[in-house]
Chemist: 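Submitted below is the structure of interest, expressed as structure tokens.
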Amino acid sequence: MIRKWITTNRMTLTFVLLGLVIFLFIVVPLGKMILASDPAILLDTFLDSEVMRSIWLTLYAALIATAVGCLLGVPLAYLLARANFPGKRLVEGLIDIPIVVPHTAAGIALLFVFGRNFMVGKAFGAIGIQFVDSMAGIVIAMLFVSIPFLIDSAKEGFRKVDVRLEKVARSLGASPWQAFFRISLPLAWRSIVAGNIMMWARGISEFGAVLILAYHPMIAPVLVYERFETYGLDYARPVAVLLIMVCLIVFIALRMLVYQKEK
Amino acid sequence: MIRKWITTNRMTLTFVLLGLVIFLFIVVPLGKMILASDPAILLDTFLDSEVMRSIWLTLYAALIATAVGCLLGVPLAYLLARANFPGKRLVEGLIDIPIVVPHTAAGIALLFVFGRNFMVGKAFGAIGIQFVDSMAGIVIAMLFVSIPFLIDSAKEGFRKVDVRLEKVARSLGASPWQAFFRISLPLAWRSIVAGNIMMWARGISEFGAVLILAYHPMIAPVLVYERFETYGLDYARPVAVLLIMVCLIVFIALRMLVYQKEK
Amino acid sequence: MIKIKNLCVDLGDFLLYDISFTVSEGEYFVVLGPTGAGKTVLLESIAGLYPIKSGEIWLRGKEVVRLEPEKRGVSIVYQDHALFPHLSVKDNVIFGLRLRKEKHQEIKVTLDWITDLLSISHLLHRKPETLSGGERQKVALARALSTKPKVLLLDEPLSALDPETRENLQQELRQLHRVLNITTVHVTHDFEEAIALGHRIAVIGEGHLKQVGTPEQIFRQPNSEFVARFAMTRNIYLGEAVHKANGDNIFRIEGTEFVSAADTEGTCHASIRPEDILISLEPIRSSARNCFPGTITGIIDKGATLYITVNLPPDISCLVTRHSFEELELEEGKRVHVTFKASAVHLF
Amino acid sequence: MIKIKNLCVDLGDFLLYDISFTVSEGEYFVVLGPTGAGKTVLLESIAGLYPIKSGEIWLRGKEVVRLEPEKRGVSIVYQDHALFPHLSVKDNVIFGLRLRKEKHQEIKVTLDWITDLLSISHLLHRKPETLSGGERQKVALARALSTKPKVLLLDEPLSALDPETRENLQQELRQLHRVLNITTVHVTHDFEEAIALGHRIAVIGEGHLKQVGTPEQIFRQPNSEFVARFAMTRNIYLGEAVHKANGDNIFRIEGTEFVSAADTEGTCHASIRPEDILISLEPIRSSARNCFPGTITGIIDKGATLYITVNLPPDISCLVTRHSFEELELEEGKRVHVTFKASAVHLF
């Protein structure tokens, strides 16, 4: 009986085994690190004001980046979902570039625009905002590497909204703005929220670009690296665990919120 | 006339302006860095054997990670696209976690499994493979952060293949393997290739996790950071430019290859 | 009321060109054409929802090509109803009224009126996804009518429904039009729907307007093979028309000569509707000028009625009721006689 | 040939339960039911492509529930043809033969035979996307038949086609079955298609089998309101059947008494097919036992034929040809007489 099942489902079985390898490869390191941690040390780390400050800073900076990204990215996503123009594919390709640009190189590139002695950096410097080793720099770095996630997700969301719903709304007397805010936006809402979550999470995870642009004030991923470099693995580990846990809690809570509304 | 157009298309105009801000924010730093580079210095950097070695190493390690990911990830993607089982959503969520885990924390987590004194690390050490400060470590780090991109893309590809095509193939006498290799795989091919490209590019871009697991041999993003730290911006810049250019060339060439076949 | 002049729209794959027609106040105008003929785009052009290439669109004596859709007073109902999925039935219906910032009391009056008219009052608090196909389409109609549009555009409103619901809603549409007398343009690919509802019918195909006329004209006097096929005239022949010395008009095909009441000459098409042809076992003495013996070569069973193909030659398809079919004991190979009037032979 | 016993399948939303029927060798069996009734899943269960919950499926005397689909010798054709988009027409057709590792020569022979049979030889090097709907469906048929299956399953093969192509392909299916005599199960939601093609028809709905019988039985003797509605019997009444002292069987509704040939008693349904009813201006002297005066209250125009609703009371719908319609000058409000035989009144 079982033998018969194995014979007829040999492919499924093979696929399950291969898939299991990669699944365990992802889950085991994270699981082990979290489960094998000493609660006492974790608590100590939790009470370490430097750690907590850096985690808050990370969450906060990523949140600002996400807010800015949402304001500027959602309209762009709507345009890309609805309009057809020559070179549209090129624009879409360019927007996705930050995902594939090496993070440290991205940091260098940003430095050449937002650095004290360059274009935008100078302009902002005149009004007292500087990007190197500052909160603003962290936000800029996070925004750069994470914005494509939001735009792609929102674009997909808008694409799934039947254009004819907007058309019906127009024929019923809605202006383009009304059609957008009453029909398209509410219907694409879930994708936009999911995109925001992804963008926030991706911002929190960034290390390379931030390291170049703003080593200080220290965000959590930088702190993990600093402790690893300075004190070694055992000191870096509780910070990393705490950071991963915060990430997961935020990520899971928000995702559940989105999926709950689905029902 | 133009005034009339502006009035009726006020929303489009606003959206274009907002979108333009974020578009320029992405394009200008990259464009400026590439275009403003001195060709002579670039050539020097190109002839610097340390730089070229690190770039080759990056490309090569990412390629191995992608190959491994393809072998293990595609079957998993197929399962996730076709099978329904309790907890499927959880599995999908877990697989996406590497995208949002802070890179340095991911590096620490991997170290706790693949490090010399831990589980898997020990086992592999016995057969002469070690992950810390080695090629194998780079591959592992890249694989971890980039595998979700491949799985997601391949999954979408398989989902778009009508199940009934497989069913027809079965009724015509195909075994599950034959249906997979002759129908599902060729039809999902484009998504799988696109996923591989994304995975490779994401592997090349990784910095944080690799930094923790294998500072040496030095991959290009690490080299950029090292030069930045040691010699300053002017020395890091040409390496970063070269790296970005290699990334873009590879990325664009492969994408065009995929889209060309589309026609 | 509606005047379209030399309208030309680009559909990507092909052009819809040289479209001109007029719909008068209170008319129920049906546009008939195959799937993919650009019927939906034609409606969207009238509503201002699809950019036109050239031509003029007049609504109530005003050129509206540059007018925004929300100012045209035109409502549209799509085949798949296009209800707003995130709003309740009630909010769907009053969507247009809310935009108009009407007073609460006025909205209530209109809502009651329209939901009573379409008997959907019991659905008000449901979400669109929980409704049946027929209910959805009624809600879409209510929503379209709530703003009291001058023109109602219906884009295959019955196509997505099962036969029974379709027939009911068809009756409802006719009834609604009788009550409201609103100028309506209804597009469909279903010929039966077109003649059941339309005051006039426009047949569209191959990128342009083929014929505009009353159902009777489209039915009996198609001006092209395309229209004849669409009107399900099964008997379409290409042959030679001649005037005979005795004054008869003859259409000659495969050695058989049909007498026609039309007076065309030369190579042309002839169409004879299957229901205009009588089948009998013996020749019938009557005023009908055409009577031919033939052999039954095919039977297409449609349930209540059947199409009998008789080879004279040529093959000619005749409609009989199940009743006659059983009474005459028709079967393949049987020798029968077909009879039809000269006026049934339409030449074009 | 095919024997289904107490089959039960889970469709997620609902169950298909207690399905039992037998299809004999060479029979053309049609399963008729509304959209979403689980017809496709029923076919996929027979082919082994959908897991069943319980029950037995026998093919050629063998219980096959545990047999893999590729070993059942059953081919399936889907509504949307499901051609392999990456393969040419030729490679689609010989897909099954290649899998069988047949010799090049044998494949060629089968390919020539099947493409000739379906007249698709000229399409061999085209890609599916370049074909018309009718051509695609023919290719799908060729592919299904290429492996010479014992059973052919057709899942709404004509539904996605326009009326003309549908009728042609329907003829082709009949012709094909005559030549190959292959046991066929064809599912559809179209009643006309069912009676045009089926040797026997099974009506499925609300999760189970409603009736199995010849087209004649389904048509004239529906066993439930569901089947009667599906067979487009427009006149279905719920009333009282009584035996009269003079031996007549009477069906009483709204004060009118129909004479029936059936002998049921008590509360029951009566159905009268519209095409069995004759409309005339004067009462007809004939052997028909039912003759009533009434007023025309509705006209549904179907082009070649029309449905006339006459209020006796109750409302009764009668089919007339356009010919009679015009001759009798029927219109709403006109007084007419309806006549039908006692045998036309079916009680259930």
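Remember, it's a predicted structure, so these values are computed and weren't measured experimentally. Below, chain A is the first sequence line, B the second, and so on; all start at residue 1.
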Chemist: Report the option among Ile97(A), Ile244(A), Leu111(A), Leu211(A) that has the most heavy-atom pairs separated by less than 4.5 Å from atoms of chain B.
Modeler: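 Option with the greatest count: Leu211(A).
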Chemist: Locate the shortest heavy-atom distance separating Cys247(A) from Val100(B); write the atom from each residue and the value.
Modeler: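 Closest approach of Cys247(A) to Val100(B): SG-O, 3.9 Å.
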Chemist: Tell me whether Tyr231(A) at atom OH has more than 12 heavy atoms from other residues, nucleotides or ligands lying less than 6.0 Å away.
Modeler: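 No - once you tally the heavy atoms of other residues, nucleotides and ligands closer than 6.0 Å, there are 12 at most.
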Chemist: Of all of Val21(B), Ile34(B), Leu30(B), which one pairs up most often with chain A through heavy atoms under 4.5 Å apart?
Modeler: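 Top option by heavy-atom pairs under 4.5 Å: Leu30(B).
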Chemist: Under a 4.5 Å heavy-atom cutoff, which of Val27(A), Thr58(A), Ile140(A), Val241(A) has the most pairs with chain B?
Modeler: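 Sorted descending by pairs with chain B, the first entry is Ile140(A).
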Chemist: Looking at Ile204(B), Ile95(B), Ile99(B), Leu233(B), which has the largest count of heavy-atom pairs under 4.5 Å with chain A?
Modeler: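 Winner by heavy-atom pair count: Leu233(B).
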Chemist: How long is the span from the CD atom in Glu156(B) to the CD atom in Glu156(A), to the nearest 0.5 Å?
Modeler: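 Here the interatomic distance stands at 8.5 Å.
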Chemist: Heavy-atom pairs under 4.5 Å with chain A are the metric here; pick the option from Val120(B), Val68(B), Asp96(B), Leu94(B) that has the most.
Modeler: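 Looking at each option in turn, the highest pair count goes to Leu94(B).
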Chemist: Tell me which of these, Val113(B), Ile108(B), Val28(B), Leu20(B), has more heavy-atom pairs under 4.5 Å with chain A than the rest.
Modeler: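 Going by pairs under 4.5 Å, I would pick Ile108(B).
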Chemist: Which atoms of Tyr78(A) come close to chain B, meaning under 4.5 Å heavy atom to heavy atom: side chain ones, backbone ones, both, or neither?
Modeler: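 The side chain, not the backbone.
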Chemist: Checking Leu143(A) against chain B: side chain, backbone, both or neither under 4.5 Å from a heavy atom?
Modeler: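 Both the backbone and the side chain of Leu143(A) come within 4.5 Å of chain B.
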Chemist: Can you confirm whether Tyr215(B) is buried at OH, in the sense that more than 12 heavy atoms of other residues, nucleotides or ligands lie under 6.0 Å from that atom?
Modeler: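 Enclosed: over 12 neighbouring heavy atoms sit under 6.0 Å from OH of Tyr215(B).
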Chemist: With a 4.5 angstrom heavy-atom cut-off, could you sort out which part of Glu229(A) is near chain B: side chain, backbone, both or neither?
Modeler: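 When you check distances to chain B, no heavy atom of Glu229(A) falls under 4.5 Å.
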Chemist: Quick check for you: among Thr104(B), Val74(B), Leu76(B), which has the greatest number of heavy-atom pairs under 4.5 Å with chain A?
Modeler: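 Highest number of pairs under 4.5 Å: Thr104(B).
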Chemist: For the residue pair Phe207(B) and Gly208(A), what are the closest heavy atoms and their distance?
Modeler: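 Minimum heavy-atom separation between Phe207(B) and Gly208(A): CD2-CA, 3.3 Å.
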Chemist: Do you know which of Leu243(A), Val224(A), Val246(A) makes side-chain contact (heavy atoms from CB on, under 4.5 Å) with Pro102(B)?
Modeler: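 Single side-chain contact (heavy atoms from CB on, under 4.5 Å) partner of Pro102(B) among Leu243(A), Val224(A), Val246(A): Leu243(A).
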Chemist: Mind checking whether Leu110(A) and Pro29(B) have side chains closer than 4.5 Å, heavy atoms only?
Modeler: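 In contact.
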Chemist: Looking only at heavy atoms and a cut-off of under 4.5 Å, which of Phe149(B), Tyr225(B), Phe25(B), Phe180(B) has the most pairs with chain A?
Modeler: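 It is Phe25(B).
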Chemist: Is any side-chain heavy atom of Thr14(B) less than 4.5 Å from a side-chain heavy atom of Trp177(A)?
Modeler: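 Of all side-chain heavy-atom pairs linking Trp177(A) with Thr14(B), at least one is under 4.5 Å.
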Chemist: For a quick test of reading the model, state the closest non-hydrogen atom pair linking Ile26(B) to Ile147(A) and the distance between them.
Modeler: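 Minimum heavy-atom contact is CD1-CG2, 3.7 Å.
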